[in-house]
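Heads up, the thing below is written out as structure tokens.
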Amino acid sequence: MAILPNQLPTLAADPPGHSLGLDLPPGALLDTTAEGSWGEPLLWRADAPAAPGDWLRLVSARRTAGLHPVLVGGRRDSEPHPDKWELDPGLASYPGDHDADEVLAELWEEYAAQAEDADWPGLAPAGAPDADPDARAAEVTDALVGGASWLREPRLALVPARRSADVPAAVGWCGPVNRTEDVAVLCAVLRSWEDRFGIRVVALTFDQLVVSVAAPPRTLAEAEAIAAEHYAFCPDNITQSSHASLRAYAEREVLGAHSWTFWWD
């Protein structure tokens with residue numbers, strides 16, 4: 001996968017990252033994949049649990065070093081440590097080589113069309129932002145590290161990637177492997193959502209992805225258009241949930257929501 005130069009090896013000799021304009025807390029460089037060592041670090045992860053404000057403090061790493069902050073952890077009884085997730089960056093292509101509309105149309109035909117009995121409706125129109133994307137991401141991550149959060153053992157991580165949407169491909173995340181082995185095709189969709197709805201990839205577990213949303217839909221019609229994309233992107237969000245219809249999912253999970261969560265069975 002084509003990526004920017006990986007600045008993480010610099011942290012081996014300079015753990016706080018001062019040479020990169022950073023001031024990192026104690027942490028570790030992780031390079032473990034399903035096939036063994038990747039040969040260079042895939043991510044840096046903080047040793048201590050994340051606290052409110054941590055994501056915003058590290059967002060400057062994106063500008064100074066091409067490193068994107070993201071929370072890593074677990075849910076319920078899932079493994080919270082990414083060095084045990086069987087990451088496989090060798091399976092990931094480059095997100096920029098895929099077209100979001102084509103990706104979603106193909107996934108819709110494969111997973112959603114039969115259930116919805118409808119043709120792929122196309123991409124939803126871009127939304128009007130009601131917050132700065134980074135400010136919204138900080139708001140969502142602060143909620144995820146709170147005491148009542150479902151995210152278990154959250155740690156802040158830094159990932160070398162061109163943009164936030166590319167983080168899953170950059171680490172070779174295999175959460176959706178039962179649907180697609182090449183997570184870069186889903187990152188192409190995340191790139192489109194980044195452009196249209198101001199999303200940021202803010203958290204990963206073994207099989208779950210959370211994005212913040214700076215331009216959430218304000219009407220049910222807008223939410224339903226986006227919900228169709230969610231169905232193609234992650235059909236388990238609907239088929240493995242208590243939602244009786246795509247409309248119900250749109251109303252309860254998408255309309256006005258500041259974050260979207262996806263889970264692959």
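For the residue pair Asp83 and Arg45, the shortest heavy atom distance occurs at OD1-NH1, 4.0 Å. In plain terms, the two heavy atoms of Trp263 and Gln240 that are nearest each other are CZ3-CB, 3.5 Å. In this structure, Ala170 and Ala161 approach most closely via the heavy-atom pair CB-CB, 4.1 Å. For the residue pair Ser212 and Pro133, the shortest heavy atom distance occurs at OG-O, 4.3 Å. The two residues Val140 and Ser259 have their closest heavy-atom pair at CG1-CB, 3.9 Å. Annotation for Ala92 and Asp182: closest pair CA-OD1, 3.4 Å, computed over non-hydrogen atoms.
A distance of 8.0 Å separates OG of Ser164 from CG of Leu190, quoted to the nearest 0.5 Å. If you take OG1 on Thr261 and CG on Leu144, they are separated by 7.5 Å, rounding to the nearest 0.5 Å. Remark: Thr205 OG1 to Leu71 CG distance equals 11.5 Å, nearest 0.5 Å. Distance check, rounded to the nearest 0.5 Å: OG1 of Thr219 to CG of Leu255 gives 7.5 Å. The structure places CZ of Arg179 at 7.5 Å from SG of Cys234, a figure rounded to the nearest 0.5 Å. Here Asn178 contributes atom CG and Trp264 contributes atom CH2; the two are 11.5 Å apart, rounded to the nearest 0.5 Å.
If you chain together hydrophobic residues whose side chains sit under 4.5 Å apart, Val210 and Leu158 fall into the same group. Linking Ile, Leu, Val, Met, Phe, Trp and Tyr residues whenever their side-chain heavy atoms come within less than 4.5 Å places Leu30 and Val70 in a single cluster. Connection of Val171 to Trp44 is not established within any shared hydrophobic cluster, with ILVMFWY side chains joined at heavy-atom distances below 4.5 Å, either directly or through further cluster members. Val72 and Leu156 are members of different hydrophobic clusters when ILVMFWY side chains are connected at heavy-atom separations under 4.5 Å.
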* **side chain to side chain contact (heavy atoms under 4.5 Å, CB included) between Asp207 and Val177, worked out** => CA-CA 9 Å; Asp207 57 3; Val177 71; over 6 Å; no
Next on the checklist: Walk me through whether Val167 and Leu204 qualify under side chain to side chain contact (heavy atoms under 4.5 Å, CB included).
Outcome noted: CA-CA 10 Å; Val167 163; Leu204 291 173; 4.2 Å; yes
Check step by step if side chain to side chain contact (heavy atoms under 4.5 Å, CB included) holds for Arg200 and Asp134. CA-CA 8 Å; Arg200 296 286 187 267; Asp134 288 340; 3.0 Å; yes
Does Leu107 form a side chain to side chain contact (heavy atoms under 4.5 Å, CB included) with Thr180? I'd like the steps, not just the answer. CA-CA 10 Å; Leu107 292 172; Thr180 177; 5.7 Å; no
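Distance alone, capped at 3.5 Å, places no donor-acceptor pair between the Arg155 side chain and the His81 backbone. Panel note: side chain Trp85, backbone Glu79; a donor-acceptor pair is recorded below 3.5 Å. Looking only at distances, no side-chain donor or acceptor of Asp31 sits under 3.5 Å from a matching main-chain atom of Glu40. With hydrogens and angles disregarded, no donor-acceptor distance shorter than 3.5 Å links the side chain of Trp173 to the backbone of Val183.
Residues Val145 and Pro52 are in side-chain contact: their nearest non-hydrogen atoms beyond the backbone lie under 4.5 Å apart. Two residues are said to be in side-chain contact when any heavy atoms from C-beta on lie closer than 4.5 Å; Pro160 and Gln7 fail this criterion. Counting only heavy atoms from C-beta outward, the side chains of Leu186 and Pro176 approach each other to under 4.5 Å. Counting heavy atoms from C-beta outward, His230 and Leu246 have side chains that stay 4.5 Å or more apart. Residues Trp260 and Ile226 are in side-chain contact: their nearest non-hydrogen atoms beyond the backbone lie under 4.5 Å apart. Residues Phe233 and Leu209 have side chains in contact (heavy-atom distance under 4.5 Å, counting atoms from C-beta outward). Looking only at side-chain heavy atoms (C-beta outward), Trp38 and Leu87 stay at 4.5 Å or farther from each other. Annotation: side chain of Val211 is in contact with side chain of Val201 (closest heavy-atom distance under 4.5 Å).
For Glu253, there are no salt bridge (charged side-chain N to carboxylate O under 4.0 Å, His left out) partners at least two apart in sequence or on another chain.
Relative to the ring axis of Tyr94, Arg191 places its NZ or CZ within 45° and under 6.0 Å from the centre.
Here salt bridge (charged side-chain N to carboxylate O under 4.0 Å, His left out) pairs that include residues 86-108, with residues two or more places apart or in two chains, number zero.
Taking the six-membered ring for Trp, Phe262 and Trp193 have ring centres closer than 6.0 Å.
Note on Arg163 versus Asp166: no salt bridge recorded, every NZ/NE/NH1/NH2 to OD/OE distance being 4.0 Å or above.
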